[in-house]
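Heads up, the thing below is written out as structure tokens.
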Amino acid sequence: MGCSKRDFVGWVLLVSVALLKFANQCSGIDRSSFPDGFQFGFSSSAYQMEGAAHEDGRGLSIWDTFCAIPGKIKNGDTGDVAVDMYHHYKEDVQILKNMGTDIFRLSISWSRVFPGIEPMVTLFHWDTPQALEDEYGGFRSDRILEDYTEFADFCFKEFGDRVKKWVTINEPSIFATHGYLNGQNAPGRCTPPQCPAGDSSREPYIVSHNLLRAHMRAVKLYRSKYQKEQKGTIGISVHSDWYTSYSTKEKDIAAAQRVMDNTLGLYLDPIFFGDYPLSVKEIVRERLPVFTDEESRDIKGSFDFIGMNHYVTLYVLDNSTNIVLPPEGDPKDGPLPDDPNLPDTFAIQTSTALIPSQACFKDGIAIGPSEGGVTYWRSYPQGIMYLLNYIKEKYSNPPVYITEIGFVTLDKGQNTEELIRDEERVKYIQQTLRYTLQAMREGADLRAYMMWSYIDNFEWDGGYANRLGLLYANYTSSNLERIPKSSAIWFANAMNKRPKKSFRPFGGSPYRSIASA
């Protein structure tokens with residue numbers, strides 16, 4: 001993964017010419033295409049980018065413990081160093097500034113309590129303190145509510161004079177399913193023997209319920225104690241793929257709606273309507289926790305905005321005729337839906353859903369091209385428009401921030417030059433921006449577009465092999481050099497408020513950060 005300085009400089013010139021030609025072939029979309037006040041930026045999280053895992057008194061999180069278990073993370077990677085944002089934050093902030101960034105979402109590590117540097121801050125991005133996991137089971141226990149509220153109170157008090165946009169929880173659905181349904185992520189729980197301990201049929205719903213209650217308490221606290229004086233806003237960031245019916249058959253359309261109810265509606269319906277979707281209650285039944293009357297009143301309307309994280313679109317096929325509803329009592333007494341990716345929906349992703357690489361296919365045709373060598377991650381940029389329109393219609397058009405959207409490239413050991421020349425990512429950004437703008441023209445109340453992310457980072461169970469950054473993180477260099485990809489150059493020139501001529505992509509040296517530009 002290297003080349004001489006002369007070769008690299010020559011390659012940079014070739015890339016610049018090719019990128020300019022590529023950009024000119026596309027009808028222009030840039031900052032001027034969007035309304036005044038619309039924000040562009042990036043998202044990040046503490047464990048994935050911060051590093052310095054054992055410095056300045058930081059305690060262990062469940063991710064420190066999970067990464068230490070052999071075989072859990074690709075290549076045995078950990079977030080101990082990540083991209084070392086803890087020590088590079090000044091350089092990174094300058095990079096973000098030079099790229100024309102308006103808004104930057106980061107999380108405060110609960111096990112470190114480290115202050116934010118830009119206005120949108122996430123309180124919980126999956127890093128439960130290991131001490132709380134050991135003491136009472138973390139988010140499996142009601143006891144987490146008091147500890148989380150105390151943590152939120154501390155953050156509001158200490159940083160609320162500078163932070164005006166708060167996110168309570170990031171992607172509760174992924175934390176619950178990957179941590180407690182299939183055990184892919186920390187704390188690695190699911191029904192044995194796949195995992196050492198857990199209950200895949202119950203724990204994801206218990207954890208989801210407590211995440212929602214934690215969100216509710218944080219919002220109630222902020223509104224009653226801090227919001228009037230600090231004049232900030234607070235919301236939650238949820239994740240949803242877009243699920244499109246496999247056919248126009250009524251059963252497939254109904255199946256797609258059940259999947260939306262169990263993935264997105266499970267989290268947004270309580271926040272908007274005070275209770276879980278009816279289809280979820282009918283299928284999950286006694287395994288689904290119940291809000292008290294007071295909790296139902298408190299959680300309804302507990303948002304100033306909704307953060308939306310979106311990456312892929314999947315086909316959904318009805319499977320209800322092949323499954324018998326479990327009898328009353330323990331659901332283990334009867335068969336459950338057979339697609340492990342879509343439990344409790346009586347639906348499967350496609351007729352070959354158990355083959356991950358086929359999850360985005362219909363009649364042998366992929367829904368879109370593979371993103372960067374990841375066969376199960378298919379590019380379908382119009383999915384964000386469908387999702388925004390769905391939220392607009394079902395939830396009465398709330399203020400929405402796209403808090404994550406991105407394009408993955410698999411690092412298989414190819415040359416650095418190949419990874420940096422990411423025109424497919426440029427194309428994806430342009431296309432998703434166009435569909436985002438179309439949703440806005442159709443009435444969606446969208447406030448910002450934040451990419452995941454400005455730099456490659458630790459991608460949970462995928463380790464460092466999945467690269468989603470606009471900046472290439474050189475993990476083999478002594479100082480974790482940040483190298484702009486083609487996408488970073490495009491973004492800076494399309495979104496920068498400064499005169500374009502002031503942006504010099506690689507400074508005066510091929511391995512100099514654009515922070516020096």
Side-chain angles (χ1 to χ4, degrees), residues 22-43 100-103 105 171 237-245 256 259-260 263-264 268 305-316 360 362 365-372 374 377-409 422-453 468 470 486-487 490-491 493-495:
F22 172 77
N24 288 338
Q25 290 173 347
C26 303
S27 56
I29 186 165
D30 57 20
R31 180 179 292 275
S32 65
S33 305
F34 290 79
D36 290 342
F38 189 84
Q39 295 179 298
F40 296 93
F42 301 90
S43 287
T101 303
D102 300 314
I103 187 168
R105 185 173 73 106
E171 294 186 337
S237 282
V238 295
H239 167 273
S240 184
D241 298 330
W242 177 245
Y243 297 96
T244 185
S245 60
V259 175
M260 289 298 295
T263 53
L264 182 61
L268 287 191
F305 62 84
I306 298 298
M308 191 69 249
N309 298 356
H310 170 75
Y311 290 93
V312 301
T313 295
L314 303 169
Y315 288 118
V316 171
C360 304
K362 178 180 177 180
I365 301 174
I367 198 169
S370 171
E371 288 192 13
V374 182
W377 202 327
R378 297 277 166 176
S379 178
Y380 190 76
Q382 54 266 55
I384 186 62
M385 179 182 68
Y386 296 138
L387 184 58
L388 291 171
N389 286 338
Y390 177 85
I391 293 171
K392 176 188 68 176
E393 296 299 327
K394 181 172 182 179
Y395 299 107
S396 301
N397 203 17
V400 173
Y401 290 77
I402 295 176
T403 41
E404 286 185 27
I405 190 168
F407 184 99
V408 65
T409 301
D422 62 344
E423 282 89 348
E424 287 301 310
R425 179 175 286 109
V426 175
K427 181 179 179 181
Y428 179 82
I429 297 171
Q430 292 173 330
Q431 290 177 331
T432 54
L433 283 171
R434 293 184 199 287
Y435 285 114
T436 295
L437 188 58
Q438 181 61 33
M440 294 173 66
R441 287 169 176 164
E442 293 175 5
D445 185 3
L446 189 66
R447 308 293 180 88
Y449 175 100
M450 282 174 272
M451 295 200 66
W452 187 274
S453 183
L468 284 93
L470 273 65
S486 300
S487 54
W490 179 87
F491 188 93
N493 283 284
M495 302 303 169

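Note that the structure is predicted; figures quoted are calculated from it, not measured.
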For A494 and D30, work out which heavy atoms get closest and say how close.
O-CB, 3.1 Å

Regarding D102 and R31, does a basic nitrogen lie under 4.0 Å from an acidic carboxylate oxygen?
yes

Can you classify the ring geometry of F491 versus F42 as parallel (below 30°), tilted (30 to 60°) or perpendicular (above 60°)?
tilted

Mind telling me whether F40 and F38 have parallel, tilted or perpendicular rings, with 30° and 60° as the class edges?
perpendicular

Which heavy-atom pair separates R378 from G368 by the least distance, and what is that distance?
CD-O, 2.8 Å

Over 60° means perpendicular and under 30° means parallel, so classify the ring planes of Y390 and Y395, tilted if in between.
perpendicular

Considering only heavy atoms from C-beta outward, does the side chain of S487 approach that of I429 to under 4.5 Å?
yes

Hey, what's the ring geometry for W377 with Y311, parallel, tilted or perpendicular (30° and 60° as the breaks)?
perpendicular

Please tell me if the side chains of L264 and M308 come closer than 4.5 Å, counting only heavy atoms from C-beta onward.
yes

Does S237 reach the side chain of R105, with side-chain heavy atoms less than 4.5 Å apart?
yes

I want to check something: taking the side chain as every heavy atom from C-beta on, are N309 and V238 in contact at a cut-off of under 4.5 Å?
no

Checking the side chain of N397 only, and the main-chain atoms of G443 only, is there a donor and an acceptor separated by less than 3.5 Å?
yes

Quick one: pull up OH in Y435 and CD1 in I384 and give me the separation to the nearest 0.5 Å.
12.5 Å

So, are E371 and R425 salt-bridged, with charged N and O less than 4.0 Å apart?
no

My understanding is that only one of H310, E171, E404 makes a side chain to side chain contact (heavy atoms under 4.5 Å, CB included) with H239; could you say which?
E171

